[in-house]
Amino acid sequence: MKPCEQTTAWATLGGHFEAHGRELDLREAFARDAGRCAALSFEAPEIFADLSKNLVDTATLRFLLELARERGVEARRDAMLRGDVVNATEGRAVLHTALRAPPGAAPFGAEVHGVLDEMLAYADSVRSDWAITDIVNIGIGGSDLGPQMVVQALGAYGHLGQRLHFVSNVDGHDLMPLLARLEANKTLFIVASKTFTTQETMTNAHAARDWFLSQGGQHVERHFVATTTHIEAAAAFGIHTTFGFWDWVGGRYSLWSAIGLPIAIAVGAENFRALLAGAHAMDRHFAQTPLERNLPVLLGLLDVWYRNFHGFASRSVAPYHQGLARLPAYLQQLEMESNGKRVDEAGRALPFATSPVVWGEPGTNGQHAYFQMLHQGSDVIPVEFIAVKHPAHSQAEQHRKLLANCLAQSRALMLGQTAAQAAAQPAPTAAAGFDAAALAQHRSFPGNRPSSTFVLDALTPRSLGALIAMYEHRVFTSGAVWGINSFDQWGVELGKAMCNALLPRLKSGDTAGLDASTAALLQRLSS
Ligand code: F6P
């Protein structure tokens with residue numbers, strides 16, 4: 001198969017960008033075509049997606065779909081879903097989709113459902129154990145971000161008797177203030193680590209166990225459980241209640257596995273199963289819907305269009321639901337650890353850019369921080385709005401204000417405001433003698449700034465599962481087009497190795513052989 005940049009579709013897209021793409025004006029496009037919104041809106045399980053405020057026309061989509069076909073996205077998708085070894089650099093299959101499939105519908109069904117049933121039964125037993133008031137998940141990366149994001153998102157489904165906490169940072173300022181508020185015999189620790197070797201997690205787990213014993217805590221075996229693929233290492237730590245998973249579950253794709261234990265404790269077995277069912281519905285959409293209406297595929301292709309043709313280096317995610325506050329952080333690992341690569345699968349340096357920087361905050365908070373730059377800054381940054389129709393509270397008017405803000409932002413980004421329009425608006429008094437025309441320029445907006453809007457009916461376990469799976473498959477799609485391995489993460493290794501080498505030097509102060517900058521900093525910091 002030809003590398004991405006040597007395909008016919010890539011060349012066609014390049015020509016199309018020069019002829020129509022660079023200059024596409026959304027305001028004109030809507031004025032020209034009354035059917036634009038309908039043509040560029042898509043329905044997927046639990047999600048309505050309005051992509052019409054993006055810098056594409058139907059020809060752009062057609063050429064992007066040709067690119068996907070030329071790059072064999074469908075065959076690669078089928079290989080992943082079948083359990084082929086698509087993570088070649090680690091020699092592994094990639095089967096997080098099997099974790100949410102009904103029995104018999106995907107590989108490893110018996111193993112998956114065996115652990116799932118046990119994990120959910122245990123979660124329900126914790127939920128009804130009134131002696132446990134606090135549950136602390138100790139994990140980092142995929143062993144933290146997914147569960148933490150979902151527990152927060154499904155706050156309305158939680159039960160009030162128990163508090164869930166997440167500790168990830170090796171910085172003692174994360175764990176110690178939390179421990180100061182806990183009672184050892186009322187606390188359950190979940191040590192969540194696929195490998196059970198991660199420095200941050202093992203350090204916090206040991207510190208938590210020391211604290212537990214120092215507080216007169218009894219029965220480590222009842223107050224510490226583990227979710228890991230490395231059951232023996234957990235046993236060596238003194239943990240005997242373990243829920244396993246498999247090497248074909250990547251860390252950032254693991255919230256559906258035993259790593260989801262805090263979610264199951266927070267929302268119960270039935271809601272956890274609904275989360276899986278929502279993700280499975282999106283898996284089927286991804287596997288079976290023609291590419292023309294396949295939402296994750298279209299989003300992945302849009303990412304390619306923006307990154308490689310428009311040259312946009314970042315994408316902002318704006319969830320208009322406080323429950324999704326951690327979604328941008330979760331997506332940073334999902335997207336940037338997956339697709340932040342500079343060589344293709346064969347190790348060839350890529351002549352084009354890959355993952356954008358993904359970032360964001362819940363609306364409306366972001367509006368009062370960085371939206372200034374989104375509207376008037378010198379970079380174009382596509383924005384992704386997530387709106388939820390029905391809130392989980394009874395403040396209907398407050399919710400209407402939230403949604404009005406969401407709609408206003410995407411509309412303002414697109415329409416902008418000319419200097420003449422700005423001049424006609426009332427304005428605060430500028431400095432004496434300040435030129436009125438210059439003020440109007442400050443108050444003008446270029447507009448034509450792209451965005452997508454996803455609409456969920458309500459934020460439920462099922463819709464959240466579908467939303468997360470949509471993002472997973474979108475990342476798969478752009479990775480497959482680029483020809484990179486979206487499932488390894490070698491880029492985290494060098495820093496880990498250097499940290500291990502520097503650790504003893506921070507105590508000894510030994511700077512021999514270090515570069516001058518690191519030596520000077522180490523001298524300043526060592527004790
Ligand atoms: O950051 C590297 C990484 O391996 C992630 O991919 C993973 O989610 C995280 O570390 C934690 O790993 P583990 O679950 O093995 O502790």
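Reckoned from all heavy atoms, side chains included, excluding hydrogens, waters and symmetry mates.
Residues Arg273 and Asp117 are paired through a salt bridge, judged by an N-O separation under 4.0 Å between the basic side chain and the carboxylate. Remark: Glu472 does not engage Arg252 in a salt bridge, criterion side-chain N to carboxylate O under 4.0 Å. For the pair Arg474 and Glu384, the salt-bridge criterion is met [side-chain N within less than 4.0 Å of a carboxylate O]. The pair Asp283-Arg100 meets the salt-bridge criterion, since a charged nitrogen lies less than 4.0 angstrom from a carboxylate oxygen.
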Exercise. Apply side-chain contact (heavy atoms from CB on, under 4.5 Å) to the pair Thr477 and Leu299, showing each step before the final yes or no.
Key: CA-CA 8 Å; Thr477 300; Leu299 294 172; over 6 Å; no
Self-check item: Audit row: Phe487, Tyr253, ring pair (Phe, Tyr, Trp, His ring centres under 6.0 Å) steps and yes/no
Solution: CA-CA 9 Å; Phe487 302 105; Tyr253 300 88; 5.5 Å; yes
Practice problem: Go through the steps for Phe48 and Phe42 under the test ring pair (Phe, Tyr, Trp, His ring centres under 6.0 Å), then give the verdict. | Solution: CA-CA 6 Å; Phe48 169 81; Phe42 301 90; 9.0 Å; no
Practice problem: Go through Trp246 and Thr229 one step at a time and tell me if the side-chain contact (heavy atoms from CB on, under 4.5 Å) criterion holds. | Solution: CA-CA 6 Å; Trp246 305 271; Thr229 59; 5.5 Å; no
Quiz item: How far apart are the C-alpha atoms of Val220 and Phe212, what are their side-chain angles, what is the distance that settles it, and do they pass the side-chain contact (heavy atoms from CB on, under 4.5 Å) test?
Solution: CA-CA 8 Å; Val220 168; Phe212 179 80; 4.0 Å; yes
Practice problem: Take Thr460 and Ser463, measure what side chain to side chain donor-acceptor pair (under 3.5 Å) needs, and give me the verdict at the end. | Solution: CA-CA 5 Å; Thr460 62; Ser463 68; 3.2 Å; yes
Quiz item: Could you go step by step and tell me if Arg77 and Asn294 meet the side-chain contact (heavy atoms from CB on, under 4.5 Å) rule?
Solution: CA-CA 12 Å; Arg77 170 197 66 191; Asn294 195 313; 4.1 Å; yes
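Side-chain contact between Ile132 and Lys186 is absent, with no heavy-atom pair separated by less than 4.5 Å. Taking the side chain as every heavy atom from C-beta outward, Leu456 and His390 never approach each other to under 4.5 Å. Put simply, the side chain of Val225 does not reach to within 4.5 Å of the side chain of Val191, judged on heavy atoms. Side-chain contact between Ile386 and Tyr320 is absent, with no heavy atoms from C-beta onward closer than 4.5 Å. A heavy-atom distance below 4.5 Å is not found between the side chains of Asn137 and His165. Looking only at side-chain heavy atoms (C-beta outward), Phe476 and Val94 stay at 4.5 Å or farther from each other. Looking at heavy atoms from C-beta onward, Pro461 lies out of side-chain contact with Ile263 at the 4.5 angstrom threshold. Phe189 has its side chain out of reach of Asn204: every pair of non-hydrogen atoms, C-beta onward, lies at least 4.5 Å apart.
Side chain of Thr354 to backbone of Asn339: a donor-acceptor contact under 3.5 angstrom is found. The backbone N or O of Ala512 sits less than 3.5 Å from a side-chain atom of Arg505, completing a donor-acceptor pair. In this structure, the side chain of Glu221 does not engage the main chain of His240 through any donor-acceptor pair within 3.5 Å. Under a 3.5 Å cut-off, the side chain of Lys507 and the backbone N or O of Ser527 do not form any donor-acceptor pair. Judged by distance alone, with hydrogens and angles left aside, the side-chain atoms of His206 form a donor-acceptor pair with the main-chain N or O of Met202 at under 3.5 Å. Using modelled atom types, no side-chain atom of Ser338 and backbone atom of Glu335 make a donor-acceptor pair closer than 3.5 Å. Put simply, the side chain of Asp84 never gets that close to the backbone of Met80: no donor and acceptor are under 3.5 Å apart. Checking side-chain atoms of Thr201 against main-chain N and O of Thr197 turns up no donor-acceptor pair under 3.5 Å. In this structure, the side chain of Asp379 does not engage the main chain of Ile381 through any donor-acceptor pair within 3.5 Å. Counting only distance, with no hydrogens or angles, the side chain of His223 and the backbone of Gly217 share no donor-acceptor pair below 3.5 Å.
Below 30°, between 30° and 60°, or above 60°: for Phe237 and Phe196 the angle between ring planes is above 60°, a perpendicular geometry. Using the six-membered ring where Trp is involved, Tyr122 and Phe243 have ring planes that are tilted, between 30° and 60° apart.
Within a 6.0 Å sphere centred on CD of Glu183, other residues, nucleotides and ligands contribute 12 heavy atoms or fewer. Atom NE2 of His173 sits in a sparse spot, with 12 or fewer heavy atoms from other residues, nucleotides or ligands closer than 6.0 Å. Atom CD of Glu111 is surrounded by more than 12 heavy atoms from other residues, nucleotides or ligands within 6.0 Å.
Rounded to the nearest 0.5 Å, atoms CG (Leu255) and CG (Leu275) are 6.5 Å apart. Between the OG atom in Ser451 and the CG atom in Leu374 there is a gap of 10.5 Å [rounded to 0.5 Å]. From Thr228, atom OG1 reaches atom CD1 of Ile239 across 9.0 Å, with rounding to the nearest 0.5 Å. The structure places CG of Leu188 at 5.5 Å from CD1 of Ile265, a figure rounded to the nearest 0.5 Å. Within the model, atoms OH of Tyr157 and CD of Glu270 stand 11.0 Å from one another, a figure rounded to the nearest 0.5 Å. Considering CZ of Arg163 and CG of Leu182, their distance stands at 8.0 Å, rounded to 0.5 Å.
For the residue pair Asp144 and Phe166, the shortest heavy atom distance occurs at OD1-CB, 3.6 Å. Residues Gly141 and Gln333 come closest through the heavy atom pair C-OE1, 3.4 Å. Contact record, Ala105 with Ala101: CB-CB, 4.2 Å, taken as the closest heavy-atom pair. When all heavy atoms of Cys499 and Gln199 are compared, the pair lying nearest together is SG-NE2, 3.6 Å.
Here the rule is side chain to side chain contact (heavy atoms under 4.5 Å, CB included) with Val358, and of Leu331, Leu334, Asp303 only Leu331 fits it. Exactly one residue among Ile259, Val115, Leu116, Val249 makes a side chain to side chain contact (heavy atoms under 4.5 Å, CB included) with Leu99. That residue is Val249. Of the candidates His473, Glu43, Met470, Leu295 forms a side chain to side chain contact (heavy atoms under 4.5 Å, CB included) with just one, namely Met470.
Sorted by first and then second residue, the salt bridge (charged side-chain N to carboxylate O under 4.0 Å, His left out) pairs with a member in residues 191-212 form an empty list; sequence neighbours excluded.
Checked by atom type, the side-chain pair His393/Gln398 shows no donor-acceptor distance below 3.5 Å. Side-chain polar atoms of Asn485 and Thr89 form a donor-acceptor pair below 3.5 angstrom. For the 3.5 Å distance criterion, the side chains of Gln162 and His159 qualify, holding a donor opposite an acceptor. In summary, the side chains of Asn365 and Glu361 do not present any donor paired with an acceptor at a separation below 3.5 Å, with no hydrogens or angles considered. Donor-acceptor pairing under 3.5 Å is lacking for the side chains of His399 and Glu397.
Within the cation-pi definition used here (under 6.0 Å to the ring centroid, within 45° of the axis), Arg92 does not qualify as a partner of Trp248.
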